[in-house]
Amino acid sequence: MIDTWRTLCGAVMDAADSDECFLATDNRRHSGRATTKNFWRTDAMKTGLISFILCGAAIAAGDLSSASLAPFDSGYIRYVEQVNAGMEPQRSADGHVLGYIPPPYKFSVYSSNNLYNAFLRDTLPVSYDLRELGFVSPVKDQGACGSCWTFGTYGSIESTWLVAGYGLYDLSENNLNYGHAYVWSPCDGGNYYTSTAYLTHGLGPISEEDDPYLGGAGNYHSGLTPQAYVTDARLLPEDSEIVKQALLTYGALGTNMHWVDNSLNSDYTYYYDGSEDINHAVTIVGWDDSLFVPEAPGVGAWIIKNSWGADWALDGYFYVSFHDTKILTDLTFWPARQDYSSNLRIHDYDVLGVITTFGWSSNMDYAVVKYQMHEDQELTSVGTYSVAQGGTVYVEVYSEFDGSTLSNMLTSTDSNFCQFAGYYTFGFSDTLEVSAGEDLFLKVAYSNPESQQLIPIEVNAPGYALPEITTGVFWGSATGSDSSWHAMGQGTQYPFDPCVKLYGQVVIPADLVARSELPHSFTLIQNFPNPFNPSTTIRYGLSEDAPVSLEIYDLRGTVVYNHTSSYHTAGWHNMVWNGQNTDGRSVSTGIYFARIVAGNQSDVIKMLFIK
């Protein structure tokens, strides 16, 4: 059976080099881009898709008795079938291209009162409109290009940054539209998983000024400086109260819908009650509980920002009924950012992000990922996906692994609860200084009481992704114990890449010298990482010996944490805050202020804690 599995999976993985391949791709891995020529071959696509599905079944029957791949999503399978049948791009009656491509795998999200009670902390108003608060960026026009997903992404991020106090940004949809590395051509479509892979790989967001939107006439511009790093992504369940709370807390949300022209009313309200797949990405910017929508079974509607220009509908906006069957599909937002630094390093293997998941028939799975350091740096955090809500991720870093046993643990994260499904970045409990040439091994423990197959992986998916799979850097296990590890990657039975990123900060020699010297005066440095979850490091310098205390305040000025004053000698020092109050309970998502008092001197920094 293992040989059969190898044969089937080999057919899929080798398809990129075959004359019978449904798509010819020149995948420039180092630049992260793919130049694509469309040569659709119906039989080859069908064979590849069937082979991939059979791969999951074959693993379950092999010597890894309960290991399997997660099955492909039914919407993706229908998309492949439609493409095989010669499907043309869908358009609205006035010519706008509907550019949604379903991902092969979707995260597990659902309503759960016990899970989300802590998130629902505000009294929800009858109506709420981010436009009235100045927390929405201007309406844009995607033109005759299936790039709605890029506008949905940046409509959300631009709003989130406004809410967080970063000011108004105009981000480049063109760079995202042309800069992803998937097999389809720009303007053919995409989704929010596509956006998250591009953003967490550190490719953007780029400013609109640096790479203006040109629709179908654009091209990819590499080497541009990101406006910031997007470090996290969250997916929400289709629950109106949770969506409203997220709008209050984070700003606009990227969502999807099924667009059909006859569902749009003359007053620019919209209601669809069918079951067809989603085909258009938009942004939710508010709600009105009392708005009447013709044909809908009840009142209430979401305020939707579209990407068809400010001349369309109500200055580019329309209202979609609460009762629309598709409007809350794959709700996504990106809650955190880190300021750009040329010294930041992102170590990863998954340019395309999570394509599906792998694991055993239990509620825990383990991965080991190897990284070799090419520069001296400080390692600060690790990022990965929680593929279902209510999961937990714990990471340990080791210096030795022989394929069977890990040894010499260097640092770790806390055990991190992931309330939502999505991409998370976790800080290490202690910053780890490493040297060029060192090998590091990250042991990642994924657990979830309601889900299985928890390891996020990058893998070939017909008509969607043709990644270059690495070898010798990835192992999986059902137990995480010695002698339980199975090698994965190119040339093994399991041709997958791990979706785990390691973040470091190169410290330039001048900084190293400065940090070894006594500071000339009391100095408080911005915490890192920021935003953070679950912990962050606050660094300060003393020009002379002094008693030092730390106080953490929330936005209301309430002290949530106080570190007892202690006497520190002159020099540089670190304090770590683990996001807990004085009672040892995790604080809520939000902005906090750290105040360091050193003798008769003090200073304050602003921090963002996210869950």
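The shown structure was predicted, so the numbers you read here are calculated from the model rather than taken from an experiment. In what follows, every heavy atom counts, from backbone to side chain, and hydrogens, waters and symmetry copies are set aside.
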Is the closest side-chain heavy-atom distance between [X] and [Y] below 4.5 Å?
{"X": "V230", "Y": "P205", "result": "yes"}
{"X": "V587", "Y": "F609", "result": "yes"}
{"X": "F401", "Y": "W475", "result": "yes"}
{"X": "I525", "Y": "Y540", "result": "no"}
{"X": "E208", "Y": "L171", "result": "no"}
{"X": "L331", "Y": "V243", "result": "yes"}
{"X": "T523", "Y": "W572", "result": "yes"}
{"X": "L542", "Y": "T569", "result": "no"}

[atom2] on [Y] to [atom1] on [X], rounded to 0.5 Å:
{"X": "N527", "Y": "R539", "atom1": "CG", "atom2": "CZ", "value": "13.5 Å"}
{"X": "L199", "Y": "Y423", "atom1": "CG", "atom2": "OH", "value": "11.0 Å"}
{"X": "D430", "Y": "T537", "atom1": "CG", "atom2": "OG1", "value": "7.5 Å"}
{"X": "Q452", "Y": "S108", "atom1": "CD", "atom2": "OG", "value": "11.5 Å"}
{"X": "L236", "Y": "Q245", "atom1": "CG", "atom2": "CD", "value": "11.0 Å"}
{"X": "F426", "Y": "T380", "atom1": "CZ", "atom2": "OG1", "value": "13.5 Å"}

So which heavy atom on [X] is nearest to which on [Y], and how close?
{"X": "L502", "Y": "S381", "value": "CD1-O, 3.7 Å"}
{"X": "P125", "Y": "L248", "value": "CD-CD1, 4.3 Å"}
{"X": "S429", "Y": "V576", "value": "O-CG2, 4.0 Å"}
{"X": "H221", "Y": "N175", "value": "O-ND2, 3.0 Å"}
{"X": "Y394", "Y": "D414", "value": "CD1-O, 3.6 Å"}
{"X": "Y192", "Y": "T255", "value": "OH-O, 3.0 Å"}

N/O donor-acceptor pairs under 3.5 Å from side chains in residues 435-447, not counting sequence neighbours:
residue: E438; atom: OE2; partner: S435; partner atom: N; Å: 2.8
residue: D439; atom: OD1; partner: Q372; partner atom: NE2; Å: 3.3
residue: K443; atom: NZ; partner: G480; partner atom: O; Å: 3.0
residue: Y446; atom: OH; partner: T384; partner atom: OG1; Å: 2.7

Task: side chain to side chain contact (heavy atoms under 4.5 Å, CB included) partners of A594, counting only residues at least two apart - done: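 Applying side chain to side chain contact (heavy atoms under 4.5 Å, CB included) to A594 gives I538, L550, I552, I605, M607.
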- [ ] Quickly, which of T153, T200, T332 forms a side chain to side chain donor-acceptor pair (under 3.5 Å) with S195? Name it, please.
- [x] T153
Open item on the list: For Q377, run the side chain to side chain donor-acceptor pair (under 3.5 Å) check against R345, H347, E433, Q505 and tell me which one passes.
Closed with: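 It is H347, the one option of R345, H347, E433, Q505 that forms the side chain to side chain donor-acceptor pair (under 3.5 Å) with Q377.
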Kindly state whether the ring of [X] and the ring of [Y] have centres lying under 6.0 angstrom apart.
{"X": "Y349", "Y": "Y371", "value": "yes"}
{"X": "Y340", "Y": "Y229", "value": "yes"}
{"X": "F107", "Y": "Y193", "value": "yes"}
{"X": "Y198", "Y": "H180", "value": "no"}
{"X": "F358", "Y": "F496", "value": "yes"}
{"X": "Y250", "Y": "W334", "value": "no"}

Taking [X] for the side chain and [Y] for the main chain, is one N or O donor matched with an acceptor at less than 3.5 Å?
{"X": "T425", "Y": "T231", "value": "yes"}
{"X": "S159", "Y": "V136", "value": "no"}
{"X": "Y424", "Y": "F420", "value": "yes"}
{"X": "E396", "Y": "S412", "value": "no"}
{"X": "S451", "Y": "N448", "value": "no"}
{"X": "D482", "Y": "T405", "value": "no"}

Open item on the list: Using the rule given for side chain to side chain donor-acceptor pair (under 3.5 Å), can you reason through T283 versus S156, listing the C-alpha separation, both sets of side-chain angles and the distance that settles it, and then say yes or no?
Closed with: CA-CA 7 Å; T283 309; S156 172; over 6 Å; no
Open item on the list: Just by distance, no angles: are the side chains of S407 and E400 close enough, under 3.5 Å, to form a donor-acceptor pair?
Closed with: no
Do the side chains of [X] and [Y] get close enough for a salt bridge, i.e. N-O under 4.0 angstrom?
{"X": "R595", "Y": "D603", "answer": "no"}
{"X": "R585", "Y": "D583", "answer": "no"}
{"X": "K501", "Y": "D350", "answer": "yes"}

TODO: If the plane angle is over 60° it's perpendicular, under 30° parallel, otherwise tilted; pick one for W577 and Y561.
DONE: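 Ring orientation, 0 to 90° scale: tilted.
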Task: Neighbour count >12 (heavy atoms, 6.0 Å) for atom CD, E241 - done: no
